[in-house]
Amino acid sequence: MSNTKYVFVTGGVTSSLGKGIIAASLAKLLQQRGFSVTIQKLDPYINIDPGTLNPYEHGECYVTDDGAETDLDLGHYERYLNIPTSQANNVTTGRIYQSVINKERKGEFLGKTVQVIPHITDEIKRRIQLLGETGDYDIVITEIGGTVGDIESLPYVESVRQMLWEKGEENAIVIHLTLVPYLAAAGELKTKPTQHSVKMLMQSGVSPDILVCRTEHEISDDIKRKLALFCNVKKEDVIQSIDAETIYDVPNLMLEEGLDEVVLKKLHLSSPIKPALEEWNNFLRKHKNPTSEVEIALIGKYVELKDSYKSITEAFIHAGSSNETKVNVRWVHSESLTPKNYEKKLKGIDGILVAPGFGDRGIDGKIKAVQFARENNIPFFGICLGMQMAVIEFSKNVLGLKDAFSTEMKKDAANPVINLMESQKNVTDKGGTMRLGAWNCKLAKDSKIYNAYQKELISERHRHRYEFNNEYKAQIEEKGMIATGINPKTGLVEVVEIPSHTWFVGVQYHPEYKSTVLNPHPLFVDFIKAALKYSKQ
Ligand code: GLN
């Protein structure tokens with residue numbers, strides 16, 4: 001049996017309180033005190049994973065090394081903790097039911113009636129403990145998605161209740177995150193929503209050990225006392241979480257409030273050292289005191305919901321700090337870019353990033369943006385679909401293949417410079433069937449990409465079905481776009497660049513998923529560096 005301790009994070013009053021950031025910040029503090037910690041997200045929706053969700057629904061789909069398509073909170077966990085997550089770190093109701101139903105079909109329940117309690121809750125508990133049982137972690141933090149009181153959250157809250165009972169109070173605790181709203185008309189912070197949400201949790205048999213209260217204003221001692229009294233916790237267990245300038249301030253704020261200390265005390269753990277946040281604070285200092293500024297155009301079709309590009313914008317922050325540069329993002333809707341207005345819309349920009357995506361909406365705008373960057377020697381970074389658009393633009397305008405396209409957008413394209421992988425041709429299911437997860441790539445020395453990574457063999461995460469068509473490689477290279485990164489096993493092109501251009505790199509993989517606070521992604525760092533240089537010209 002492992003000695004792993006469990007911390008559950010539930011949320012009340014409203015969604016979007018930032019449970020993921022609180023969980024990640026607590027994990028960071030515990031990690032920097034010397035504990036090995038991981039975080040898991042349980043999502044109460046019925047999709048097997050967010051891979052089939054439109055980004056407008058839930059923002060970006062985050063991909064792990066093992067090829068799991070997961071909730072974007074896992075991106076925060078990796079960015080804060082600097083350790084990889086995996087499929088085990090994200091579980092949905094769909095996945096839980098799928099395993100239970102598969103077992104039922106195999107007859108594994110031996111004729112029993114299969115029910116939410118105990119079968120679904122047992123499966124939830126099994127999934128919660130998978131990470132703990134590896135023996136790799138002292139503490140597993142499990143974030144329960146949704147809000148307490150939702151019908152779909154009930155089996156999760158019941159599973160938490162059972163685990164608290166089974167593990168004992170020094171081995172499993174609950175942090176409940178709530179909102180303490182400020183009523184301007186009354187000039188007061190209000191505790192009632194928190195009281196109600198704790199009551200709701202208690203109706204399910206779970207009493208929170210710690211309250212973390214999101215607030216716009218300082219919570220006075222009096223209010224803390226009131227919250228403690230009515231929510232059945234000690235006053236020291238009421239932790240204020242005040243709005244922060246950046247999400248990266250939250251570990252420090254939680255340290256000031258002593259969240260890590262109350263957690264350790266409740267779990268009967270002690271740590272003689274204070275969390276070592278020097279490197280973290282070094283990042284923050286540079287992030288907050290930039291010496292230069294650049295403006296990067298992010299061309300995408302989901303720009304109305306910024307969360308759709310979460311890992312990219314966070315990677316800009318990491319790379320910006322590393323360059324002591326403020327990265328301003330100019331959000332450009334690819335559908336709004338036309339041959340008439342693109343020069344105006346992209347005027348004065350220091351770098352252009354064409355984002356990942358699916359389908360043909362906004363494609364012409366993306367191609368126009370690539371052309372603008374290429375012809376004007378503006379630093380260009382294409383990611384996944386963005387790289388494919390760079391190849392298409394080059395084939396059309398430099399090779400003169402007017403009907404060059406991707407078979408994703410045009411099935412019968414006469415020049416399918418991007419086409420479906422052989423292994424994808426008979427795939428009919430949409431969920432979990434793309435080329436996913438970590439793949440190796442060998443970089444050509446003497447290239448921009450090698451210069452950025454400073455090594456020959458890299459591993460990066462993928463999420464796509466279409467590929468650079470190797471039948472066109474010779475012609476494309478002859479005209480000056482070179483494949484500088486190749487998958488050593490399959491020969492697939494992973495990176496293209498134009499050596500005669502100041503900085504023009506397209507990657508078939510998603511570097512943004514691997515950028516963290518302590519390890520800003522080298523490609524983003526190099527791109528921002530190029531943009532900075534360009535801005536000074
Ligand atoms: N739609 C493209 C493909 O499937 C690109 C995917 C992406 O940008 N993630 O290959």
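Order of listing sets the numbers, starting from 1, for every ligand and every atom in it. As a basis for the values below, the full set of heavy atoms in this structure was taken, side chains included, without hydrogen atoms, waters or symmetry mates.
For P356, no nitrogen or oxygen atom sits less than 3.5 Å from a nitrogen or oxygen atom of ligand 1, counting backbone and side chain alike. The distance criterion of under 3.5 Å between nitrogen or oxygen atoms is met by H510 with respect to ligand 1. Remark: ligand 1 and G357 share an N or O pair separated by less than 3.5 Å (distance only, no angle test).
Protein heavy atom closest to atom 4 (O) of ligand 1, with residue, atom name and distance, is R465 N, 3.0 Å.
Looking at E467 against ligand 1, nothing comes within 4.0 Å, counting heavy atoms. Contacts between E408 and ligand 1, counted as non-hydrogen atom pairs separated by less than 4.0 Å, involve the side chain only.
Close approach of ligand 1 to Y466 (heavy-atom distance below 4.0 Å) involves ligand atoms 3 (C), 4 (O), 10 (O). Each of the atoms 6 (C), 7 (C), 9 (N) of ligand 1 lies under 4.0 Å from some heavy atom of R463. Applying the 4.0 Å criterion to heavy atoms of C384 picks out, from ligand 1, the atoms 5 (C), 6 (C), 7 (C), 8 (O), 9 (N). With ligand atoms numbered from 1 in the order given, ligand 1 contributes 3 (C), 4 (O), 6 (C), 10 (O) to contacts under 4.0 Å with heavy atoms of H464.
L277 is listed as a side-chain neighbour of L29, based on a closest heavy-atom distance under 4.5 Å. For the pair Y513/E60, a side-chain contact is recorded, criterion being any heavy-atom separation below 4.5 Å from C-beta on.
The CG atom of L53 sits 8.0 Å away from the SG atom of C61 when rounded to the nearest 0.5 Å. Taken from CG in L131 to CD in Q40, the straight-line distance is 5.5 Å, to the nearest 0.5 Å.
Put simply, no part of M434 is less than 4.0 Å from ligand 1, judged by heavy atoms.
Checking each of F381, F504, Y534, F380 against F527 for a ring-ring contact (aromatic ring centres under 6.0 Å, His included) leaves exactly one that passes, namely F381.
Aromatic rings of H318 and Y248 (six-membered ring for Trp) have centroids within the 6.0 Å cut-off, being under it.
Under a 4.0 Å N-O distance rule, the pair R127/E123 qualifies as a salt bridge.
In this structure, A23 and I39 approach most closely via the heavy-atom pair O-CD1, 3.7 Å.
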